[in-house]
J.: 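This is the structure, below, for whatever I ask next.
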Amino acid sequence: MSNTSLPDQPLDAIIVGAGLSGMYQLHTLRDQLGLRVKVLEAADGVGGTWYHNRYPGARCDSESHSYMFYFSQELVQSWEWSERYPQQPEILRYMNHVADFLQLRPDLVFNTRVVAAEFDEPHNLWRITTASGQVWQAKYLITAVGCLSSANVPAIKGLDSFQGQWVHTSAWPHEGVDMRGKRVGVVGTGSTGIQAIPVIAEQAAHLTVFQRTANYSIPARNAPLSEDFKRHVKENAEEIRALMQETPNAHCFRIEPRSALEVTDEERQAIYQAAWDKGGLQFRATFNDLLRDKEANDTAARFIKHKIQQVVHDPQIAALLSDIDHPFAAKRPPIDSHYFETFNRDNVQLVDIRSHPIECIDADGIQTTQAHYPLDTIVFATGFDAMTGSLLRMNISGRGGLALKDAWHAGPRTYLGLQVPGFPNMFTITGPGSPSVLCNLPPQIEQHVNWITDCIAYLQTHGIRQMEADTAASDDWVQQVNEAAHATLLPQVRHSWYLGANVPGKPRVFMPYAGGFARYRGICDDVAAQGYRGFHLIA
Ligand code: N01
């Protein structure tokens, strides 16, 4: 059987998606449990989000030594990052290295988009249909489709009539987009826009940034890694791994055990300044109550807004950029390389589309309620139909033909972000209800994959045909996810994609588990230790 031809017998497992999660899941099921497994992937290579997100400036916001697998010492020793925050091409090289190192390629099936997955109850099998009409069969269906892989292209009137080129950052053409001599417009100032804008400004003749919501950003202070640091990572891999497993966000730094309100103004200022100089996401780890206490959060917000006003020369532009309507880090906090400085360039213009929204796009550019902006290229850095978009797009139906979109009509309901009631033997890696996007993803992927692997080993050795999340256990988990979110400032943001509020018509439910990675891991371990409490196991 070649890796693209259908097997004669149903497989043990089909994994959808060849990003980090799909690749590691293939390795554990195939090489540890000896199961027959294939990975179906729509693209023609591995990488998932890093295969598609090739926009200028795309790089990781997690420090490189935390954005890698640690389950294998040999794998750790076989790789070296070049920068503190690796760029997309280097991350994609790492992904390909993982595929080769673990000899995964014979079981990766590329150019194969899943368009439907149905649970065949009498045969206890998942039937998975691809865009070319092939039907694959397997006992277990494991979705490894990532949290941020369905592009959110705003439905702006007239987009089809635009005579220039338009692109979404997450579907960047592989041949690149030539910005030289062009009038470029960027819509969106989230993490992606903030990475892309400084690089596009250097390439384009003129750049217009359309800002709906001003955003905080901390300087990344990216730099090449020293040989000493590279050695440090290799020699301390176990400690680094242990640290990431203990921290709430699965990063390589601890949150300081102090309140922003228990120090003097001078001490607080000095702490923020040191974190600003050091750069990166650690800024939010300076105090332990920034995400829980609005007054504490205000101190960080004031510090950053003041920095923006110092960096940006034109007071009107500085005012627009620092007029931020939400608490710091209540949206995913971006980090940047010279984002605010970019607005001091002569070829960059900031347009406030909160006060004067976009009315339409015409053949020549963007029309707001105030003015027309002639453009050759429009870049949508407008984010994703996050966490549920890619799952729903697969047309999954479970027991009795229950469609996932109907099961989730009021928002996603899962047990631990791992299973959905009514969908036996289906597992979701970093699904809604797990910490997922609130964490550095590789450690969480390792945790999810290891849990699923141990679980499947248990099912196989105990002769269990079906495993399915209990409805009451899922309802209780949804409640816990809700309570964890409301213990923080996270749900206070309008337009937050954590809530699904960025996609018109999407139910507003806080999707990721905000109780912290370490706590979540403990809960999952506990559930397994109690014979998979909250799941029905049918022999
Ligand atoms: O998307 P976003 P993103 N008209 O949804 C605006 C990850 N990531 O791609 O805030 C006009 O955060 C929207 O405005 P508003 C990371 O987890 C990871 O930037 O809704 N504007 C906002 O400004 C991140 O959080 C890395 O008012 C519209 C922007 O578009 C996640 O991806 C690197 C609009 C969207 O911001 C998503 O970030 C980069 C409309 N109709 C990103 N619709 C890593 O390092 C939306 N906007 C791993």
Side-chain angles (χ1 to χ4, degrees), residues 19-20 47-50 52-64 66-67 84-88 90-91 146-157 159 168-172 185-197 209-217 220 222 249 251 280-281 321 323-326 329-337 339 350-361 366 368 378-387 389 430 435-442 444 490 493-504 506 511-512:
L20 281 179
T49 195
W50 297 106
H52 296 287
N53 282 263
R54 299 174 187 232
Y55 59 87
R59 62 171 80 239
C60 189
D61 287 349
S62 297
E63 297 204 32
S64 52
S66 67
Y67 204 80
R84 183 176 177 191
Y85 299 101
Q87 295 204 55
Q88 177 271 339
E90 189 174 14
I91 303 173
C147 306
L148 300 163
S149 38
S150 269
N152 173 35
V153 179
I156 301 175
K157 197 173 72 180
L159 177 58
H168 189 278
T169 44
S170 74
W172 203 259
V186 174
V187 183
T189 52
S191 302
T192 301
I194 282 177
Q195 286 187 339
I197 284 163
V209 176
F210 296 88
Q211 172 187 279
R212 185 164 73 181
T213 306
N215 213 340
Y216 300 96
S217 185
N222 185 42
N249 299 107
H251 280 287
L281 294 173
L321 289 167
D323 184 15
I324 307 173
D325 65 356
H326 52 276
K331 276 185 166 186
R332 159 73 150 64
I335 61 174
D336 70 274
S337 296
Y339 174 64
L350 181 66
V351 174
D352 170 16
I353 55 169
R354 168 67 53 83
S355 312
H356 303 286
I358 294 176
E359 260 184 359
C360 64
I361 293 176
I366 291 183
T368 72
I378 300 174
V379 175
F380 291 107
T382 43
F384 301 88
D385 181 356
M387 305 203 68
T430 65
S436 56
V437 290
L438 298 178
C439 285
N440 176 36
L441 274 161
Q444 207 209 155
L490 294 170
V493 184
R494 61 185 239 139
H495 288 310
S496 170
W497 60 259
Y498 292 155
L499 273 165
N502 63 328
V503 176
K506 189 165 173 169
M511 292 183 284

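Start at 1 and go down the list; that is how both ligands and their atoms are numbered.
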J.: Quick one: side-chain hydrogen bond (donor to acceptor under 3.5 Å, both in side chains) partners of Ser149, sequence neighbours excluded?
T.: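 Ser149 satisfies side-chain hydrogen bond (donor to acceptor under 3.5 Å, both in side chains) with Ser390 once adjacent residues are dropped.
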
J.: Among all residues two or more places apart in sequence or in another chain, which pass the ring pair (Phe, Tyr, Trp, His ring centres under 6.0 Å) test with Tyr216?
T.: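 For Tyr216 the ring pair (Phe, Tyr, Trp, His ring centres under 6.0 Å) partners, ignoring immediate neighbours, are His326, Phe328.
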
J.: Measure from the side-chain N and O atoms of Asn152 to the backbone N and O of Gly383, and report whether any donor-acceptor pair falls under 3.5 Å.
T.: no

J.: Taking Phe384's backbone N and O only, do any of them form a donor-acceptor pair with Asn502's side chain (distance below 3.5 Å, no angle check)?
T.: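 Indeed, once roles are kept as given, a pair shorter than 3.5 Å links the two residues.
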
J.: Any side-chain to backbone donor/acceptor pair from Gln195 onto Arg59? Under 3.5 Å, distance only.
T.: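 Present.
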
J.: Might you list the protein residues in contact with ligand 1, defined as having a heavy atom under 4.0 Å from one of its atoms, sorted by chain and number?
T.: Trp50, Tyr55, Arg59, Cys60, Asp61, Leu148, Pro154, Val187, Gly188, Thr189, Gly190, Ser191, Thr192, Gln195, Arg212, Thr213, Lys331, Arg332, Ile353, Ala381, Thr382, Gly383, Phe384, His495, Trp497

J.: For Trp172, which residues count as a side-chain hydrogen bond (donor to acceptor under 3.5 Å, both in side chains) partner, sequence neighbours excluded?
T.: none

